[in-house]
Amino acid sequence: NTTHLWCLRALKYSVPILQRARGAGERWEEEHYEDGVKWRFLEHKGPLFAPEYEPLTDNVRFHYNGQPMKLSANAEEVATFFGKMLDHEYTTNAIFRANFFTDWREVMTSAERKLITNLNKCDFQEIHTYFTEKTEAKRVQSKEVKQDLKMEQEAIAQEYGYCTMDGHRERIANYKIEPPGLFRGRGSHPKMGKLKNRIQPEDVIINCSRDSKIPVPPTGHNWKEVRFDNKVTWLASWTENVQGAMKYIMLNPSSKLKGEKDWQKFEIARRLKGCVDDIRAKYSADLKSREMKSRQRAVALYFIDKLALRAGNEKEEGETADTVGCCSLRVEHIKLHNKLNGQACVVEFDFLGKDSIRYYNKVLVKKQVFKNLKHFMQNKDPSDDVFDRLNTHNLNKHLQELMEGLTAKVFRTYNASITLQHQLEQLTDSEGSEAEKLLSYNRANRAVAVLCNHQRTAPKSFDQSMKKIQAKIEAKKEQIDLTKSELKSAKMYHKVKKDKKSKLVVEKKKKMVQKLEEQLTKLEVQATDREENKQIALGTSKLNYLDPRITVAWSVGGWVRSGEIKWRVGGSESKGMLESSSWEASTSTDTMGRQRERDALSEMLSFGWDVTPRLCGLFWRQFHCRPLPTKKYTGVDPEGVVVGGGGGG
DNA sequence: GCTGTAGACTCAGAAAGGTAGTA
DNA sequence: CTACTACCTTTCTGAGTCTACAG
């Protein structure tokens, strides 16, 4: 049921502390900060550190070369990291094992190091069993105990999980410091298995306001530094030891800060929509530029625009998995086909992109693009860059000149969102059932996920669950046949009897058939949806690439159900009207469409909030197609505002 | 200008967690 | 009613993008 609003998770987490008295129609405009300033006031409790290591009891033994041995506390802790992962594929990977063993030996005592020289002789089985049993014990404990534990966690979250930023109580995304463990890189990462050290307060930089209550470090400890930098958004940071990367504690996406940025992102994408034709004309012309750099840039832009490739920064060789994006494509990643299956100028891509997800695609390209590629790849080794005169820096600099705020990734956002809109227009049948409309939405969403190459490994039980739903469909069909024949005999009986009672039976059977047939289509649609979604991940595009306004326009703008719609906020229902205003209809300057959207939001958000762009951003971001609220996510937030939750599927 | 690097922020899929439907 | 399990959401943290700044 896509036409109900229910999920205002954002409200649950971002609560204005300084409620302003505002009259009807008065806009809430918070002052704009000067360039680069992100906040005026920031107060928080500091991060929550990982619980200390609890040594194993003597009955859980590590064996070396068949002999049980008690490890020193440090060595034992690191051993448990490996032991816990025993049924994971990582522990069979040679690089993982080698890195782990090297780092493990470093924390051993010299005696241990002398003895333990071969990982193959190490037996972590008891450790593994111990933790498996522990998990199981946790799983089976009583409802009451689980509830208590949850309450405890909630209390901690209330203390550490929120901060105050400029008068708003904001939820923190990751208030917990990452616990020590073994580094799990994606793909074939040269550092996988290395030890991620335990972070101490002495490693952590705190960022807050000078006039706030400065977080107190755990007793006996000190912070690395306390700074008061309001040009950045993070609350705390540290440097991670495996890659030397910085880690940050930042706000939840529901926060004003993140929501506003998110909103801005879609506004930039919409601005691109306004000038994308010019930009396309420009790079198409540049395909024939006399300057090599411009030609390469033009081809790269063509790919970024047409295929939604990522920019492709250079990476330090040997430090990370070997993955590429557009600018870092190598000759070995591209095959040129003068003719393929009757088509001319086909480019075959095969490379590993972000997270080592494979990108494989055969694409029909412009003749000039093909010619250029041939030229770029001439006399080069497979490991040479295709675009040797190009990098993301000068590409983005060029884009910046074409449109303010334009970078390579904006094309991804733009093309994702415009694809959703076009697909929705094409696929939605206004006469279809809700299940069919939901399928249309998911198909449109899927087109975007395919464009952005968002993949997932098929769920373990996929085939099984597919069989199950097929069985259900068969059962339903049988049931329909049965009911139909019952209807037939009821009709015959009625012909003879011609009384009220027999007529009633006919009606009843008729209704039953109808109902069953509805259930059948719903199941069939569900099965189709699931099958098509086997290896495609919709979440990332839904969350990060699709302008929620398009979904709102689709779901309430008459495509799904025209006329009056009911908005559900918490327990109370209010009614609102909203006219269609897709990306096409609304522009960056405030149109009537936007105003109506705001009005509708205003209705929904009848908690004394003004509907600022930010709020729209917050709420829309959360607005996916999902059914009515169920009890499970309905809660009361700290300020006593009842918030409905979204659940189900 | 160009290059290299640190820093800060968005976006990514896997894994964990939790609930509702089902046996 | 309870245990199981399928399925969806949230959490986690790694992997990108992009900018600022130094030499």
Side-chain angles (χ1 to χ4, degrees), chain A residues 7 9 36 38 85 88-90 135 138-140 143 146 150 153 157 173-179 181 183-187 189 191-192 196 205 207 229 231-234 237 239-240 242-248 250-253 257-258 261-262 265 310-316 319-321 323-328 352-357 391-397 399-400 405-410 412-413 416 452-457 459-462 464-465 468-469 472 526 530 535-541 543-545 622 624 626-627 630-633 645-649:
Chain A
C7 184
R9 276 174 286 176
K38 306 286 168 55
M85 292 176 73
H88 199 289
E89 214 180 305
Y90 272 125
T135 310
K138 213 174 147 193
R139 199 180 66 82
V140 299
K143 230 195 275 175
K146 276 181 183 167
K150 204 178 161 188
Q153 287 307 305
N174 57 327
Y175 61 92
K176 290 174 181 158
I177 295 257
E178 293 174 20
F183 180 78
R184 301 154 87 114
R186 312 272 179 102
H189 194 118
K191 298 200 171 176
M192 66 164 79
K196 257 178 69 166
I205 302 171
N207 192 37
D229 183 359
K231 300 265 177 96
V232 295
T233 67
W234 52 268
S237 75
T239 303
E240 161 270 346
V242 175
Q243 316 208 77
M246 309 208 65
K247 296 276 191 175
Y248 301 94
M250 289 183 188
L251 298 188
N252 195 60
L257 198 74
K258 296 287 188 188
K261 198 74 191 299
D262 205 35
K265 174 180 74 186
R310 294 187 185 83
N313 284 311
E314 298 105 299
K315 299 170 73 180
E316 217 175 322
E319 295 292 300
T320 60
T323 63
V324 297
C326 186
C327 292
S328 49
L352 297 182
K354 183 176 181 180
D355 292 309
S356 293
I357 299 291
N391 60 40
T392 54
H393 192 203
N394 58 38
L395 174 71
N396 280 334
K397 232 175 111 190
L399 291 174
Q400 203 66 242
L406 186 61
T407 60
K409 81 195 266 287
V410 178
R412 248 169 106 77
T413 313
C452 294
N453 201 37
H454 290 143
Q455 298 186 30
R456 61 167 185 175
T457 46
K460 267 184 209 148
S461 54
F462 184 85
Q464 202 186 332
S465 87
K468 234 175 204 172
I469 198 164
K472 266 188 182 173
Q526 245 178 32
R530 198 177 298 175
Q535 296 188 61
I536 296 168
L538 301 185
T540 301
S541 51
L543 204 59
N544 300 307
Y545 288 102
Q622 310 295 337
H624 308 307
R626 273 177 304 192
T630 51
K631 267 190 180 165
K632 66 174 176 175
Y633 289 124

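All chains are named by letter (A, B, ...) in the order of the sequence lines, taking the proteins before the strands, and each is independently numbered beginning at 1.
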*Could you tell me which non-hydrogen atom of Asn396(A) sits nearest to which non-hydrogen atom of Ala408(A), and how far apart they are?*
OD1-N, 2.9 Å
*For Gly325(A) and Ser328(A), which heavy atoms make the closest approach, and how far apart are they?*
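Scanning both residues, the minimum pair turns out to be N-OG, 2.9 Å.
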Expressed as a whole number of angstroms, how long is the span from [X]:[atom1] to [N]:[atom2]?
| X | N | atom1 | atom2 | answer |
| --- | --- | --- | --- | --- |
| Lys176(A) | dT10(C) | NZ | P | 15 Å |
| Asp229(A) | dA8(B) | CG | C1' | 11 Å |
| Gln243(A) | dT13(C) | CD | C1' | 11 Å |
| Ile536(A) | dA12(B) | CD1 | P | 15 Å |
| Asn394(A) | dG4(B) | CG | P | 13 Å |
| Lys231(A) | dG7(B) | NZ | P | 17 Å |
| Lys354(A) | dT13(C) | NZ | P | 17 Å |
| Arg310(A) | dA12(B) | CZ | P | 5 Å |

*Has Lys146(A) got more than 12 heavy atoms of other residues, nucleotides or ligands less than 6.0 Å from its NZ?*
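Atom NZ in Lys146(A) is packed in, count exceeds 12.
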So what does [X] touch, heavy atoms closer than 4.0 Å: a base, only the sugar-phosphate, or nothing?
| X | answer |
| --- | --- |
| Arg186(A) | base |
| Thr320(A) | nothing |
| Gly539(A) | nothing |
| Lys150(A) | sugar-phosphate |
| Glu240(A) | nothing |
| Lys196(A) | sugar-phosphate |
| Thr233(A) | sugar-phosphate |

*State plainly whether the residues Lys196(A) and Glu240(A) are in salt-bridge range, i.e. N to O under 4.0 Å.*
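Between Glu240(A) and Lys196(A) there is no salt bridge, as every charged N stays at least 4.0 Å from the carboxylate O atoms.
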_Flag for Thr413(A)-Lys265(A): side-chain donor and acceptor within less than 3.5 Å_ = no
*So, Tyr90(A) and Arg184(A): side-chain donor and acceptor under 3.5 Å apart, yes or no?*
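There is no such pair between these side chains.
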*Lys247(A) side-chain proximity, nearest of dA15(C), dC9(B), dT13(C)*: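 Per side-chain heavy atoms of Lys247(A), the pick is dT13(C).
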Are [X] and [N] close enough that a side-chain N or O sits under 4.0 Å from OP1 or OP2?
| X | N | result |
| --- | --- | --- |
| His88(A) | dA14(B) | no |
| Arg184(A) | dA15(C) | no |
| Lys258(A) | dC9(B) | no |
| Tyr175(A) | dT11(C) | no |
| Thr457(A) | dA14(B) | yes |
| Thr323(A) | dG16(C) | yes |

*For dT13(C), what is the paired nucleotide under Watson-Crick or G-U wobble rules, both distances under 3.5 Å?*
dA12(B)
*Nucleotide-resolved protein contact map, nucleotides 18-23 of chain C, B/S/- at heavy-atom distance under 4.0 Å*: BS----
*Name the orientation class of the two ring planes belonging to Tyr248(A) and Trp234(A) (parallel below 30°, tilted from 30 to 60°, perpendicular beyond 60°).*
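Geometry flag for Trp234(A) against Tyr248(A): tilted rings.
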*asked:* Checking Ser237(A) against Lys247(A) for the side chain to side chain donor-acceptor pair (under 3.5 Å) test, could you report, in this order, the C-alpha distance in whole Å, the side-chain angles of both residues, the deciding distance, and whether it holds?
replied: CA-CA 5 Å; Ser237(A) 75; Lys247(A) 296 276 191 175; over 6 Å; no
_Residue whose nearest DNA chain C nucleotide is more 5′ - Ile177(A) or Val324(A)_ =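 With Val324(A) and Ile177(A) compared, the 5'-side residue is Ile177(A).
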